[in-house]
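Have a look at the structure below, then the notes.
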Amino acid sequence: MSATLQQALGTLAALPGVRAALAATESDGLAAASVAAVDVDADALAAFGTALFQRTRLANAAAGYGETRQLSLDAEHGRVFV
């Protein structure tokens with residue numbers, strides 16, 4: 001893992017309200033690097049985010065919307081940005 005990536009994730013994770021920042025591999029959804037609160041399962045979050053993004057990308061292509069650039073999931077207790 002590069003020091004630059006780890007530093008960028010640390011900067012994001014330090015923002016108010018952010019509980020985790022991570023980078024995941026596209027092929028298998030494993031967390032390549034992460035900075036997370038103790039109670040956040042970074043591996044599960046990486047897998048979830050990757051699967052969600054892949055399926056959204058397929059749905060957008062099928063609907064003719066073009067390339068997926070980003071994804072935001074709003075939930076009762078927070079948000080996930082992919």
Side-chain angles (χ1 to χ4, degrees):
M1 158 184 25
S2 80
T4 303
L5 176 58
Q6 189 65 32
Q7 183 179 13
L9 294 176
T11 299
L12 287 172
L15 293 171
V18 175
R19 303 195 55 233
L22 57 96
T25 57
E26 184 179 3
S27 59
D28 55 17
L30 296 176
S34 65
V35 176
V38 174
D39 62 338
V40 173
D41 185 343
D43 290 330
L45 190 57
F48 171 70
T50 300
L52 188 62
F53 190 79
Q54 288 173 345
R55 285 174 181 63
T56 300
R57 184 173 50 199
L58 290 173
N60 280 342
Y65 293 149
E67 184 178 340
T68 303
R69 294 186 199 136
Q70 64 184 11
L71 176 63
S72 172
L73 172 68
D74 293 326
E76 183 178 358
H77 298 291
R79 292 184 181 92
V80 175
F81 295 101
V82 182

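Everything numeric in this text was worked out from a predicted model, so none of it was measured.
- There is a path of hydrophobic side-chain contacts, each under 4.5 Å, that joins Val82 to Phe48.
- Residues Phe81 and Leu12 form no side-chain contact, since every pair of their non-hydrogen atoms from C-beta on lies 4.5 Å or further apart.
- Residues Ala32 and Thr25 approach most closely at CB-CG2, 4.3 Å, considering heavy atoms.
- The two atoms that bring Ala21 and Ala13 nearest to each other are CB-N, 4.1 Å, heavy atoms only.
- Sorted by first and then second residue, the pairs that involve residues 8-29 and meet salt bridge (Lys or Arg N to Asp or Glu O under 4.0 Å), not counting sequence neighbours, are Arg19-Asp39, Glu26-Arg57.
- Going from atom CZ of Phe53 over to atom CG of Asn60 covers 8.5 Å, rounded to the nearest 0.5 Å.
- Pairing each heavy atom of Gln6 with each of Ser34, the nearest pair is NE2-O, 3.6 Å.
- Across Thr56 and Leu71, no two heavy atoms sit closer than the pair OG1-CD2, 3.6 Å.
- The minimum heavy-atom distance between Ser72 and Asp74, with the atom names listed, is OG-OD1, 3.8 Å.
- Considering all non-hydrogen atoms of both residues, Ala23 and Leu9 come closest at N-CD1, 4.1 Å.
- The CG atom of Leu5 lies 10.0 Å from the CG atom of Leu22; values are rounded to the nearest 0.5 Å.
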